[in-house]
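To start, the structure itself, in C-alpha cells.
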Amino acid sequence: MLGRDPERELASFVLPEAGQLAETGDPWRPFVLLGADGVEIDPVAAFFAELLACDKSAATIRSYGMDLLRWWRFLRGWGIAWDRAVRSDARDFARWMKIANKPAPLHWRHRRDIKTGTAPNPALEKLPPGAPNPITGKSSPGLRYAPTTRAHCETVLRAFYDFHLSEGTGPILNPFPLDRSRRHGRAHAHHNPDEQFHHERQGRYRPTIPKRAPRRIPDAMFNALFAALKHDRDRALLAFWVSNGARAEELLTSRQRDALPGQQVLGVVRKGSRAYQQLPCSADAFVWLRLYQESAWRAGVPRGQNEGLWWTLRRPWRPLNYPAARAMFNRANSLLGTNWTLHDLRHTAAYRLARDPKMPLTDVQWVLGHAHLSTTQLYLPADRDEVIEHVRAHHARRAKSAERTPAPPAAYYNPESLNNLFGTAW
C-alpha cells in the first residue's frame, strides 16, 4: 500500500498575518518581502532582482510579492521551510485557495485599535458578496479567491521555484509542476506549421479561467455618472478616460506640458512598454480640463510645464494617484447604486471606437495600445446591453405583429370558397 501524508484540515486553517510586503521608494529595489521577524527574505530578494533585470515594472514586482507573501504565510502556518516544500504542499495550497475566504480588509487607521479591541465592525453591504448588481449586472467581488487570482498565484510560485532550481538554491523538484502532458517538453514543441495552435494547459494546479466579455457603460448610465461628479477635475478625468481609451493609471502620468488643446492630443506613459504616446481626445475633455486648471491654479496648485497635470483638491497639494481616483469614482457609484470600475471606462471607449464603421480596427489597436489585433477584436461583437436591447426590440415587434388584425379579403370573392381552400385562419 502506498504511504500517504496525514490529511490536513484545510477547512479550519487560518492564514497567519505574519510578514509584509513593504514599499521602499528605491527604484533599485521598489519592494521587499519581510518575514515575521521583520527581516528581508533573501530568496525573494534574489527573485525580485531577477525580475528587475528582466525589465519588469514595479507594479509587476508588487503583484508577484503579494502572491509570495500568501505562500510564505501558508508555509509558516504549517511549519514548513520554503526549500522543503513538496508537491503535496503545493496541492494543499491550491485546494485551500479554492475553498478559503479572503481576509477582510481593514483600514490602516483601525489596525492600531485591534489590540485594544476598539476596532469598528465592517459595514454591512447592501448586496451579499458575489451577487450581481441589479443595475449594471456585474457581480461584486466574492468571499473566495477568484480563479484569475489563483491562476496568477500558481504562475508566480512556479516561476519562483523554477528560478531557484536553475540557480541551484532551491529544491531539486518544483513543488508547482507543469501539466502531465507537458512534463517532457515545452509548449507546442512538435507543432505543425500548417495547423492552428491548440491550447495547452501549463500548470498542473492552475485553475480554469472563465472567459468574460468586456463590459461598457451605456450612454445613459455614463451621463448619470458624469452628472454625479462634483468637481471639474473629476469631469475632466472621465471625459479623457472615455475619449482616448487610456488606462486609469496611464492618464495620471500626464504632466501639464503633455496637454495640447490645439492639436487635441494628450501625452501619457503606457503601462506595459512605459513608452510615451500622444493620444487623440475629444474637444469637451479639454474644455473641462481648462475649467479645472483655472480653479486649481487660483487655489494654489503648482503650475509649470514639468508639474503633474492632476492634483488633489485640498492642501497639502499632492499628485493624484490611482487609489484616490478610484475612491472618487466609487463615490459617484454609491450615489447611483452601481458598481462600475475605472477600467470599464476604457472598455466604453474601445467599444465606441471599434463599433464605428469608419474607424479602421488597426487605428483602434494603436489607440488602445494592444500588442495583438485579436485583443482589439473582442470589442467588435455586441455587448450584453446591446444584445438585450435588440432582443427586447424583437419581442416588441412580435407583440405588435400579433395584435395586427388580418386584412379583409378583396371584393367579389365567395367567402364559402375561401373557407374551403384556406379555412378560417385568415
Side-chain angles (χ1 to χ4, degrees), residues 2-22 31-37 40-48 50-51 60-105 129-130 141-167 169-183 200-210:
L2 296 177
R4 292 185 57 187
D5 295 334
E7 190 74 16
R8 292 190 177 108
E9 186 62 31
L10 298 175
S12 59
F13 175 73
V14 179
L15 195 70
E17 292 191 7
Q20 63 171 334
L21 183 68
F31 291 93
V32 294
L33 186 62
L34 305 178
D37 53 358
E40 183 179 2
I41 301 176
D42 293 334
V44 178
F47 183 58
F48 284 173
E50 178 75 8
L51 294 177
T60 300
I61 295 178
R62 181 185 181 277
S63 65
Y64 279 35
M66 296 302 295
D67 294 330
L68 288 169
L69 175 62
R70 190 181 299 112
W71 170 245
W72 237 259
R73 289 176 173 178
F74 181 84
L75 294 178
R76 178 180 175 83
W78 297 106
I80 304 172
W82 75 274
D83 53 352
R84 299 293 181 179
V86 294
R87 293 186 175 178
S88 60
D89 302 325
R91 182 176 62 246
D92 290 343
F93 179 70
R95 294 169 55 202
W96 172 80
M97 285 197 68
K98 186 176 181 179
I99 64 175
N101 291 337
K102 296 181 294 185
L143 291 174
R144 292 182 172 86
Y145 292 100
T148 52
T149 303
R150 294 188 282 124
H152 186 271
C153 189
E154 188 273 340
T155 302
V156 170
L157 296 178
R158 178 157 44 85
F160 170 76
Y161 278 101
D162 278 342
F163 164 73
H164 283 284
L165 179 62
S166 62
E167 295 292 322
T169 55
I172 59 176
L173 289 178
N174 193 330
F176 295 87
L178 292 173
D179 188 66
R180 298 183 188 276
S181 61
R182 288 190 51 194
R183 286 184 298 180
E200 292 189 6
R201 185 180 177 90
Q202 297 181 355
R204 186 182 303 179
Y205 306 132
R206 183 180 180 87
T208 302
I209 301 177

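- At least one side-chain heavy atom of Trp72 sits less than 4.5 Å from a side-chain heavy atom of Val44.
- Taken to the nearest 0.5 Å, the CZ atom of Arg70 stands 11.5 Å off from the CZ atom of Arg150.
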Start with the C-alpha gap between Leu34 and Ile41, add the side-chain angles, then the distance that decides, and say whether side-chain contact (heavy atoms from CB on, under 4.5 Å) holds.
CA-CA 6 Å; Leu34 305 178; Ile41 301 176; over 6 Å; no
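- Using modelled atom types, no side-chain atom of Lys102 and backbone atom of Ala146 make a donor-acceptor pair closer than 3.5 Å.
- Summarising the geometry of Arg87 relative to Leu173, their closest heavy-atom pair is NH2-CD2, 4.4 Å, with the distance given to 0.1 Å.
- Using modelled atom types, one side-chain atom of Asn174 and one backbone atom of Arg158 make a donor-acceptor pair closer than 3.5 Å.
- Rounding to the nearest 0.5 Å gives a distance of 11.5 Å between OH of Tyr205 and CG of Leu178.
- Residues Pro175 and Ala85 approach most closely at CG-O, 3.5 Å, considering heavy atoms.
- Within the 4.5 Å cutoff, the side chain of Met97 has heavy atoms near those of the Cys153 side chain.
- The two residues Thr169 and His164 have their closest heavy-atom pair at OG1-ND1, 2.7 Å.
- Shortest non-hydrogen contact noted between Pro171 and Trp82 is CD-CZ3, 4.3 Å.
- Remark: Arg76 CZ is loosely packed, at most 12 non-hydrogen atoms of other residues, nucleotides or ligands lying under 6.0 Å away.
- Expressed to the nearest 0.5 Å, how far OG1 of Thr149 lies from CD1 of Ile209 amounts to 9.5 Å.
- Between Leu68 and Phe48 there is a side-chain heavy-atom pair separated by less than 4.5 Å.
- Counting all heavy atoms, side chain and backbone alike, Glu154 lies closest to Arg206 at OE1-CB, 3.6 Å.
- Closest approach of Leu21 to Phe31, counting heavy atoms only: CD1-CB, 4.1 Å.
- At a threshold of 4.5 Å between non-hydrogen side-chain atoms, the residues Asp89 and Arg8 count as touching.
- The aromatic ring centres of Phe74 and Phe13 sit less than 6.0 Å apart.
- In this structure, OG1 in Thr60 is found 8.0 Å from CG in Leu51, a value given to the nearest 0.5 Å.
- Atom OH of residue Tyr64 and atom CG of residue Leu157 lie 11.0 Å apart, to the nearest 0.5 angstrom.
- Ring orientation note: the planes of Trp71 and Phe93 are nearly perpendicular, at an angle over 60° on the 30°/60° scale.
- Proximity of a side-chain donor or acceptor of Arg73 to a complementary backbone N or O of Ala18 within less than 3.5 Å is detected.
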